[in-house]
Amino acid sequence: MVLLVDVRDKVATVTLNRPEARNALSPELAAAIPQAIAELDAREDVSAIVLTGADPAFCAGFDLKRLAATGTSRAEGTEPTTPAYWGPFPPHSTPVIGAINGPAVTGGFELALGCDFLIASERARFADTHARVGLMPGWGLTIRLPQLIGPARALQMSVTGEFVDGQRAFAWGLVNEVVPHAELLPRAHAIAAQIAEIPSAYIAEVRDMYREMALLDGDAAWAREHTRARNWIDQRFDRARLAGVRQDIVDRGRTFIAGEDKDAEAAR
């Protein structure tokens, strides 16, 4: 199977599984990924999705052998189609965490950028080689990458094809964390488990707010956030639930602060 899906404790792990080809996007794999995301998003027992690759790579992009031989990445005999959505994934409400275990190149880089945020192994590498191959980005790289690392750095990556390692990606704001390779999936699953503790409707709302506010600026953004917040508290805020979980939230904060105090004392 070119794509593996495992669901446990409300967390789905989706693994690109063509390790012999560094998880290059064959037509079968390219079709399986959005289908899996859509199916998992519809499941009530899935609150977060972790997307990763079978070692040694995350994804080497589209299969260059097929492109060189046929000039297309789609399956033989099929007609070109344009999905009814932008980017590598269909619209979804479930957060997708990219667990980048190795090189993420060109189409694989765009696949990573389609995730909500990225956790990287120390073996992670990122490169945009569209221009070197003679193709142009079509999954949002020229939109998403400048938002994360700035237009000048993004353009440098695209016009050079230079590889960026995990530490530089972290310094630039491309990835949220860099962890030892063996700790990558445990860390990604730990983050996903925290998401799964919160009602999915709440996660979907705040995620949608972030996406909408990214399209606005200035007073329009402030006004829209205020309107959504007021509508939520008037129409959907669950006071009974808050009463039930309030002490747990307080205890969680106290535990964290106590841990910080111990660390500060040890550092003296």
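For the numbers below, each heavy atom of this structure counts, side chains included, while hydrogens, waters and symmetry mates do not.
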*After noting the C-alpha distance and the side-chain angles of Trp139 and Phe109, does the key distance pass the ring pair (Phe, Tyr, Trp, His ring centres under 6.0 Å) rule?*
CA-CA 10 Å; Trp139 273 352; Phe109 190 12; over 10 Å; no
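- Of all the heavy atoms in Ala24 and Leu29, the pair that sits closest is O-CD2, 3.6 Å.
- The backbone N or O of Asn17 lies less than 3.5 Å from no partner atom in the side chain of Thr15, so there is not a single donor-acceptor pair.
- Across Ala104 and Phe58, no two heavy atoms sit closer than the pair CB-CD2, 3.7 Å.
- Among all heavy-atom pairs drawn from Ala120 and Ala124, the shortest one is CB-CB, 3.8 Å.
- A distance of 9.0 Å separates CG in Asp63 from CG in Leu25, rounded to the nearest 0.5 Å.
- Val14 and Val46 fall within the same hydrophobic cluster, defined by Ile, Leu, Val, Met, Phe, Trp and Tyr side-chain heavy atoms under 4.5 Å apart, directly or through other members.
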*For side-chain contact (heavy atoms from CB on, under 4.5 Å), just list the numbers for His181 and Asp55, CA-CA rounded to whole Å, side-chain angles, deciding distance to a tenth of an Å, and then say yes or no.*
CA-CA 10 Å; His181 189 71; Asp55 284 339; 2.9 Å; yes
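- Remark: the backbone N or O of Arg125 is not paired with any side-chain donor or acceptor of Asp165 at under 3.5 angstrom.
- With respect to Glu197 and Lys10, no salt bridge is recorded, no charged nitrogen being found less than 4.0 Å from a carboxylate O.
- Atom CD1 of Ile195 is separated from atom OG of Ser47 by 9.0 Å, given to the nearest 0.5 angstrom.
- The backbone N or O of Ala99 lies less than 3.5 Å from a partner atom in the side chain of Thr52, making a donor-acceptor pair.
- Side-chain heavy atoms closer than 4.5 Å link hydrophobic residues (I, L, V, M, F, W, Y) into clusters, and following such links, even through other members, never connects Leu16 to Val105.
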_If you apply the rule side-chain contact (heavy atoms from CB on, under 4.5 Å), what do you find for Phe89 with Leu111, and how did you get there?_
CA-CA 8 Å; Phe89 308 137; Leu111 197 64; 3.7 Å; yes
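- Looking at heavy atoms from C-beta onward, Gln35 lies out of side-chain contact with Pro90 at the 4.5 angstrom threshold.
- Using a cutoff of 4.0 Å between basic side-chain nitrogens and carboxylate oxygens, Arg228 and Glu212 are scored as salt-bridged.
- Asn101 places a side-chain N or O within donor-acceptor distance of the main-chain N or O of Ala57, the cut-off being under 3.5 Å.
- Side-chain atoms of Thr129 never come within 3.5 Å of backbone atoms of Arg132 as a donor-acceptor pair (strictly under, hydrogens ignored).
- There is no path of hydrophobic side-chain contacts, each under 4.5 Å, that joins Val175 to Leu184.
- Judged by distance alone, with hydrogens and angles left aside, the side-chain atoms of Ser93 form no donor-acceptor pair with the main-chain N or O of Ala204 at under 3.5 Å.
- Here the CD-CD1 distance, from Gln156 to Ile149, works out to 8.5 Å after rounding to the nearest 0.5 Å.
- Of the charged side-chain nitrogens involved, at least one lies within less than 4.0 Å of a carboxylate oxygen, so that Arg168 and Glu162 count as a salt-bridged pair.
- Taking the charged nitrogens against the carboxylate oxygens, Asp248 and Arg246 have no contact shorter than 4.0 Å, which rules out a salt bridge.
- Separating the CG atom in Asn231 from the CZ atom in Arg236 is a distance of 10.5 Å, to the nearest 0.5 Å.
- Connection of Ile198 to Leu242 is established within a shared hydrophobic cluster, with ILVMFWY side chains joined at heavy-atom distances below 4.5 Å, either directly or through further cluster members.
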*asked:* Go through it in stages, so that I can follow the logic: the residues are Arg254 and Asp251, the test is side-chain contact (heavy atoms from CB on, under 4.5 Å), and I'd like the CA-CA distance, side-chain angles, deciding distance and then a yes or no.
replied: CA-CA 5 Å; Arg254 285 175 175 166; Asp251 291 343; 4.1 Å; yes
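- Ala188 and Ile97 get closest at one heavy-atom pair: O-CD1, 4.0 Å.
- Ile100 and Val179 fall into different hydrophobic clusters, defined by Ile, Leu, Val, Met, Phe, Trp and Tyr side-chain heavy atoms under 4.5 Å apart, directly or through other members.
- Heavy-atom contacts from other residues, nucleotides or ligands closer than 6.0 Å to CZ of Arg241 number more than 12.
- With His189 contributing its side chain and Leu185 its backbone, the two residues share a donor-acceptor pair below 3.5 Å.
- With hydrogens and angles ignored, the 3.5 Å screen pairs no side-chain donor or acceptor of Asp128 with any backbone N or O of Thr106.
- Contact detail for Cys115 and Leu51: the closest heavy-atom pair is SG-CD2, 3.9 Å.
- In terms of modelled atom types and a separation under 3.5 Å, the side chain of Glu110 and the main chain of Leu141 share a donor-acceptor contact.
- For Trp232 and Tyr202, the ring centers are positioned less than 6.0 Å apart.
- In this structure, the separation between CD on Glu225 and CH2 on Trp222 is 7.0 Å, given to the nearest 0.5 Å.
- Distance CG/Leu113 to CG/Leu148: 6.5 Å, rounded to 0.5 Å.
- Side-chain atoms of Asn23 do not come within 3.5 Å of backbone N or O of Gly53 as any donor-acceptor pair.
- Side-chain contact check for Arg22 versus Pro56: some heavy-atom pair is nearer than 4.5 Å.
- Side-chain contact between Val11 and Asp9 is absent, with no heavy-atom pair separated by less than 4.5 Å.
- The heavy-atom pair separating Val164 from Met157 by the smallest distance is CG2-CE, 3.8 Å.
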